[in-house]
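Residue numbers begin at 1 in each chain, while the letters A, B, ... track the order of the sequences.
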Amino acid sequence: MILAVVNQKGGAGKTTIALNLAAAMAAQGKRVLLIDADPQQTAQDWAAIRQEPLPFQVIGLAKPVLHRDLPAMSADYDSIIIDGAPRSYEVARSAIAAADIVLIPVQPSGADFWASRETVNLVKESHGFKETQKSAFVVSRRIGRSVLSREIGDALAEFALPILTASTTQRVIYADAMTAGRTVIEQQPDGPAADEVRAILAELEEVAT
Amino acid sequence: MSSKRTGFKLPARETQDVQGWVEEGAAPAEPTAAPKASARAAGGKQARLTIDLPQQLHARFKAACAINQTRMVEEVTRFIEDWTQKHS
């Protein structure tokens, strides 16, 4: 399965979600490859500062060849996760075209909501090429019971793509884990953040079938 | 023999289409740059208007603007221009 985590807006939570989902899959014993398609190379930096052995492989490939090259690589892995590039349309289209499932993280903020339209357009165009392709929004960095967090779901519904009920919440542990070259799955396996990530994964598996 | 060739050709053509889309798919115009520039150009010095709206109405307005690829400020400005012209 190839999962692309994309949003044309930077800071939407792509890398955090991609890394933690990869860790959750690896914890299930799956062979996971994480493709860092972001020229900022955050996922590669994360891998570089990590002290322990990597629970999954991380490769940087911020070029529009993902749709061409990844299908052949997918035979060697249970899952390939693409951490998408913001802004670069060519790389984003390539990542989306490569994917079986496209996951679009959106923060409950006006700026994220506005920017998500462009990403949705790309995903809908791609569905024209790949009829079996699935896609979904995931709300990222939800802030408690704020009004915005409640409203973002209604607003996103207008785009007519599925919205996962699982979401990530604004929690210090995500940043702490990232800074330490770890994931929330390892930092606090029984903590609420790890539960959030596993819930997203479980829903993605449902979407995939 | 010939049917085998067709079998090879079809996926190749499909890949070509995807390839074309990846390389050349029309990128939407930058969503914020243009309206900002035009708003600035229109009035010279800017003044700020702040209003309180019911939450639901605000959310609906925001969503409708996004769906129509416009900005709240553009629509409000347009309304104010139209209304002012009619009533002055």
Side-chain angles (χ1 to χ4, degrees), chain A residues 4 8-9 37 63-72 85 87-99 106 108-133 146-160, chain B residues 6-40 42 46 48-80:
Chain A
Q8 289 304 91
K9 186 174 172 299
K63 297 217 160 64
V65 296
L66 302 165
H67 64 293
R68 192 192 69 194
D69 296 348
L70 294 191
R87 291 174 295 278
S88 165
Y89 280 92
E90 211 178 343
V91 178
R93 282 195 295 266
S94 183
I96 291 168
V106 180
S109 84
D112 266 53
F113 175 65
W114 290 88
S116 60
R117 183 184 181 89
E118 295 171 36
T119 311
V120 168
N121 286 344
L122 294 184
V123 170
K124 287 188 172 169
E125 282 171 24
S126 168
H127 285 355
F129 297 108
K130 295 181 86 168
E131 285 176 8
T132 56
Q133 189 173 52
S146 67
V147 173
L148 277 169
S149 293
R150 282 202 309 271
E151 282 177 353
I152 189 72
D154 295 343
L156 288 175
E158 305 273 351
F159 289 132
Chain B
T6 313
F8 267 83
K9 255 188 175 175
L10 274 173
R13 210 160 51 204
E14 206 175 278
T15 312
Q16 282 250 311
D17 288 346
V18 174
Q19 187 63 34
W21 178 70
V22 168
E23 284 172 7
E24 287 147 30
E30 287 290 317
T32 49
K36 259 187 195 161
S38 67
R40 263 195 231 109
Q46 301 280 304
R48 180 171 294 254
L49 168 72
T50 311
I51 57 167
D52 289 317
L53 287 176
Q55 257 170 30
Q56 281 293 330
L57 179 60
H58 182 271
R60 270 173 28 227
F61 181 44
K62 198 174 195 173
C65 287
I67 298 303
N68 290 290
Q69 276 189 301
T70 178
R71 290 163 19 109
M72 292 162 84
V73 64
E74 280 181 82
E75 295 312 309
V76 172
T77 306
R78 197 201 317 263
F79 167 77
I80 294 173

How about A:W114 and B:M72: do any of their side-chain heavy atoms sit closer than 4.5 Å? yes
Side chain proximity check, A:F129 to B:V22, heavy atoms < 4.5 angstrom: no
Identify the heavy atoms of A:I96 and B:W21 that sit nearest to each other, and give their distance. CG2-CH2, 4.3 Å
What's the shortest heavy-atom distance between B:E23 and A:R93, and which atoms? O-NH2, 3.7 Å
To the nearest 0.5 Å, what is the distance between CD1 (A:I152) and NZ (B:K62)? 7.5 Å
What pairs with B:Q55 under side chain to side chain contact (heavy atoms under 4.5 Å, CB included), at least two apart in sequence or on another chain? A:V147, A:R150, A:E151
For B:A63 and A:E158, the nearest pair of non-hydrogen atoms, with its separation, is CB-CG, 4.2 Å
Please rank A:S126, A:G110, A:A155 by heavy-atom pairs under 4.5 Å with chain B and give me the top one. A:S126
Please name all residues satisfying side chain to side chain contact (heavy atoms under 4.5 Å, CB included) with A:S116, sequence neighbours left out, ordered by chain then number. A:V106, A:F113, A:F137, A:L156, A:F159
